Amino acid sequence: MVPCQTHVLLKWQEHFNSSWAAEDSVQTARRHGAAVLYNKLLLNKEVVTLAQPVQELVGPRLPDFECESSASAEKEEYLSSLLHSQRWLAHRMLTQTSYTLGLHHRLVVLQRVYYALHRKYHDKFRVQLPSQSTDGGTGCGQLELASQPCRPGGASKVKSGTDVLIEMGVRTGLSLLFSLLQQNWRYAASVHPESVLCNDVLATASSVLTSLPPLSLANENKIPSVGLDCLSQVSDFLKKTSVSSGTGGADPTGRRLALELLLGLAMQRGSLKFLLEWVEVALAASMSSSSSTLSSSSSSSSLSSHNSAGVGFDVIHQTLLQMKQYSGFRGDSVNSQVLKKDADGLCRLSQAALCLFEEICNLASYCLCSCGTNAAAPGSESDTVMVYVWGSNSSHQLAEGTLEKILLPKLTQGFSDAQMIEAGQYCTFSVSADGSVKACGKGSYGRLGLGDSNNQSMPKKLVLEPHRNMKKVSSSKGSDGHTLAITVEGEVFSWGDGEYGKLGHGNSATQKYPKIIQGPLFGKVVVCVSAGYRHSAAVTNDGELYTWGEGDFGRLGHSDSQSRNVPTLVKDISGVGQVACGSSHTVAVAQDGRTVWSFGGGDNGKLGHGDTNRVYRPKVIEALHGFIIRKVCAGSQSSLALTSAGQVFAWGCGSCLGCGSSETTSLRPRFIEDLSITKIIDISCGDSHCLALTHENEVYAWGNNTMGQCGQGHTSTPITKPKKVLGLEGVSIQQITAGTSHSLAWTADPTDRQLVAWHRPFCVDLEESTFTYLRNFLESYCDGIGNDTPPAPFISKRDHHQFLLLCMKLLSIHLSLAHAGGTGAMVLGAQGRPLRNLLFRLIDTNMPDSIQQAVLNTLSIGASLLLPPLRERTELLLSLLPQGPQSLNVPSKGQVCHFCLFVPQQITIQGGVLLTKMFM
């Protein structure tokens, strides 16, 4: 607080700095401009007027000179007091003139602007040490750089001197170890066969690895970078050792131990890519060993050559059991491959790889089925729902009896039957499996819908007339509180404060009981609603967007600032899928997620258009072009968007940007770098704090933390980067919600989004690496598919064809999961086009019907990810019809499939080949 000589108190609030830094100080040169900016200070309560002092106007008490005389000194003192009092009175009168007030307003406004500029930019002129650069981050910078959207994969952090020394020690130590092992193998092979010590080292390493807890290396985020580098070097050495054969390489026992150790590491790390890597290495090792055996002994039989490479039967058998046990698999898997062991207890390497691959596909199929089950019956009553609450409890919104804030997530019983929960402004609503709604917390303006304005300490059931089953609730995070709810049939109820007509009932009256909204929404099926601070919005199943309430700043999208007290159709856009209302702005997303619009107040860049202008009709956010947006949220001064690939973008100002500073303004969407280490499946915005849910059921929070709403165990604020909410370890959180100053997380499966299996131990990884391995497998082993002799290392056509079918099966499962989760083609990375071209090439290859059908099924399942849009395919197809629909000038079935997959027509190729319904 800064005292001012003009009897006002200056209380600069940090979250307004970005706004003031963008103001044009030239306005203060004019009296009107200075007055407007000064009124902004008063409105923001950054200037508080003080009472004028009255002591100075009383003046001195003079003696009675008629009765006694006074010394000259006393007379001078009394005279000085009189002059001082008169001078203060004159000063008081002069300060009330319009000229003086104008100067005062200009001075205070300039102080505010210069303070904001100083706080926002002073760090730019400091020399920053390299070791400090990791704190502030260099991802997108401040205002200038933040105006451009930031993409994943920013600059790497600078390593400290200690990290470099440790890394140097580890690298040199491992290099020395690997050299000694290789030297010992060479010595044993040429001089003394009994002196193979390195095999004992590998055996000891394997025994140590098996003693570790399951999946102990699965969470790479908890492994330091030096540890990950060490794992990478060890894996590379083991792969080279497993494949290399001949002079100077490991002996057969060493190669087998290297393979077993590599498999043990893959099991501990848990990710599918490491198991696919092992399959690749095992097949290559089997092929290398076969070639070496054939070259050294031409008289050996074919079978013995394939038996020259093996792996321990017990190791593979135990691995298959662990995969079932730790992946959550329930039931009996049917395997076509049966492991066989020889007299030495070994099984053929190619067969072991095939058995492992088949088990991976079985587990992935189970995962796909389980995800489909959850999606088919959302909200079904099964296990007891666990609900965790934290943050402000000032109005009993957490239903925990006390009014004290809760700084760490606490398991509560108040919402144990909830399937959906909405945190509002000091209140909380829950929807049970039977469609009933309960409310607790602050009751002013009838915001709870319980018929009064009293606070409610425990969740109490709302009475709906007429009775309806609800499925979703949206409650305002600001203003005086109002709530919207959607019924199972798609009707909308509203209650609470009715100012500005935001309840949609044609008036501004307070509604203390839920009341159905009629008018333009009558007969419509509403799929999404959002309650903003002073306005509301709804989206119908046919893509129409309706808005109502306060209209200033253009937040209703009707090309003006007029308020509406009934739902009014936004005519400028169609095909809308969802909407989010903030303090004075609105964000909408298309049904396919490929287009995002925003409109309303653009201050602090919260519209994402690269400026701070108001927008009175929906305008596309160009910076999000190319992404598929699954969800948007709007807070007080910021907005969030969640992509289908699990990335989070933020724009606006303040700590909700999650970039490490509360003073940053981003005029366009910027990627939140600190969430790039995981996949985000849900987001939620309160007034000034945010929550994010990962695919591993972890919750992250950032933003305002004055009431402990970020779940860090303290009230230090703000939290400028996403931090994991403490106390939820091991809890399968499925949903989150952020209120004005409190948060909730719970375990019930969501009803408004598809569960995406981004990762499951051993069997599912929606990553580019998975598609890379599968493409490499198909390219490597599809040649000669129609020959009588299978390619090495397969000993029979059955095994060869089975391996290709498993590749297609695993590829189809991952494409199905990506399609069901709406991830978009981005999940394929750089593998989209090569995979598509490979599959089309396979269609033209002479192959068994079962494999060709698997290729077609894969293309059919992954059409939305692999193929160009239907419009482009149709145009290209028509261009290939020079002589009408009965004559198609294309050289292959693959090209026809490329263009006419899912085109509902039967097309005849020139030459009499009929493409029937298999291409539909």
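Quick caveat, the model's predicted, so the values are computed rather than measured.
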Between [X] and [Y], what is the shortest heavy-atom contact and its length?
X: Cys581; Y: Ser536; value: SG-C, 4.1 Å
X: Ala399; Y: Cys440; value: CB-SG, 4.1 Å
X: Thr483; Y: Val473; value: CG2-CG1, 3.4 Å
X: Leu640; Y: Cys685; value: CD1-SG, 3.5 Å
X: Arg670; Y: Cys659; value: NH2-CB, 3.6 Å
X: Leu691; Y: Trp702; value: C-CZ3, 4.2 Å

Just checking, is any N or O donor in the side chain of [X] or [Y] under 3.5 Å from an acceptor N or O on the other one?
X: Tyr700; Y: Asp674; result: no
X: His585; Y: Ser598; result: no
X: Ser662; Y: Ser655; result: no
X: Asn704; Y: Thr717; result: yes
X: Thr737; Y: Gln735; result: no

Would you say the side-chain atoms of [X] pair up with the backbone N or O of [Y], donor to acceptor, closer than 3.5 Å?
X: Thr740; Y: Lys477; result: yes
X: Ser476; Y: Gly532; result: yes
X: Asp603; Y: Thr612; result: no
X: Ser741; Y: Ser392; result: no
X: Ser639; Y: Lys606; result: yes
X: Trp390; Y: Gln709; result: yes
X: Gln647; Y: Ala645; result: no

[X]/[Y] ion pair, N-O < 4.0 Å:
X: Glu696; Y: Lys679; answer: no
X: Lys502; Y: Asp497; answer: yes
X: Lys405; Y: Glu400; answer: no
X: Arg112; Y: Glu46; answer: yes

Point to revise | Ring centroid separation Phe627 to Phe649 under 6.0 Å | key: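 Aromatic pair counts; centres sit under 6.0 Å.
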Review point. For atom CD of Glu404, is the number of surrounding heavy atoms from other residues, nucleotides or ligands below 6.0 Å larger than 12?
Key: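 No, the 6.0 Å shell around CD holds no more than 12 heavy atoms from other groups.
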Check your understanding: Does atom OH of Tyr426 have more than 12 heavy-atom neighbours from other groups under 6.0 Å away?
Key ->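 No - once you tally the heavy atoms of other residues, nucleotides and ligands closer than 6.0 Å, there are 12 at most.
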Review point. Relative to Trp20, does Lys40 satisfy both conditions: NZ or CZ under 6.0 angstrom from the six-membered ring centre, and within 45 degrees of the ring's axis?
Key: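 That pair qualifies as a cation-pi contact.
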Roughly how far, to the nearest 0.5 Å, is the [atom2] atom of [Y] from the [atom1] atom of [X]?
X: Asn455; Y: Leu448; atom1: CG; atom2: CG; value: 7.5 Å
X: Asn613; Y: Leu667; atom1: CG; atom2: CG; value: 10.0 Å
X: Asn604; Y: Thr664; atom1: CG; atom2: OG1; value: 12.0 Å
X: Thr665; Y: Glu663; atom1: OG1; atom2: CD; value: 8.5 Å
X: Leu817; Y: Asp765; atom1: CG; atom2: CG; value: 11.0 Å

Practice item. Might you work through the side-chain contact (heavy atoms from CB on, under 4.5 Å) test for Val385 and Ser416, ending with a clear yes or no? Key: CA-CA 5 Å; Val385 177; Ser416 59; 5.9 Å; no
Exercise for review: With Gln425 as reference, evaluate Lys442, His482, Arg447 under the side-chain hydrogen bond (donor to acceptor under 3.5 Å, both in side chains) test and give the passing residue.
Suggested key: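 The option that passes is Arg447.
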Check your understanding: Should the ring pair His759 and His695 be called parallel, tilted or perpendicular, given that the plane angle runs from 0 to 90° and is split at 30 and 60?
Key ->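 Answer is perpendicular, since the angle exceeds 60°.
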Review point. Please walk me through it: do Ser584 and Tyr533 pass side-chain contact (heavy atoms from CB on, under 4.5 Å)?
Key: CA-CA 7 Å; Ser584 62; Tyr533 286 33; over 6 Å; no
